[in-house]
Amino acid sequence: MKLMSGAAVLMLATLLGGCSSDYVMATKEGKMIMTQGKPEIDADTGLVKYTDRSGHELQINGDDVSSIVER
């Protein structure tokens, strides 16, 4: 019984962890930035706010980004 409940918890965590999509941002300089979740574009400032793979929230100038693609 304990094994079954442990397996159910593991399966649920795996399913919930897969809900957020990762994205790749390409810069005009050719750099590829992997993000956790979808980057947000601030129309007022022109900055793109994103969370990197380490969980840090960062911003980049939107003019420096050439494309944002869901991974």
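Along the sequence shown, residues carry numbers from 1.
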Tell me which donor-acceptor pairs under 3.5 Å the side chains of residues 45-52 have, and how far apart each pair is, sequence neighbours excluded?
{"residue": "Thr45", "atom": "OG1", "partner": "Asp42", "partner atom": "OD2", "Å": "3.3"}
{"residue": "Thr45", "atom": "OG1", "partner": "Leu47", "partner atom": "N", "Å": "3.3"}
{"residue": "Asp52", "atom": "OD1", "partner": "Ser54", "partner atom": "N", "Å": "3.1"}
{"residue": "Asp52", "atom": "OD1", "partner": "Gly55", "partner atom": "N", "Å": "3.0"}
{"residue": "Asp52", "atom": "OD1", "partner": "His56", "partner atom": "N", "Å": "2.8"}

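- Through direct or relayed side-chain contacts under 4.5 Å between Ile, Leu, Val, Met, Phe, Trp and Tyr, Met34 connects to Val24, Met32.
- The shortest non-hydrogen separation linking Val65 to Ile60 is CG2-CG2, 3.9 Å.
- Each side-chain hydrogen bond (donor to acceptor under 3.5 Å, both in side chains) pair with one or both residues in residues 62-71, not counting sequence neighbours, appears once here: Ser21-Glu70.
- Separating the CD1 atom in Ile68 from the CD1 atom in Ile33 is a distance of 9.5 Å, to the nearest 0.5 Å.
- The OG1 atom of Thr35 sits 10.5 Å away from atom CD of Glu40, with the distance rounded to the nearest 0.5 Å.
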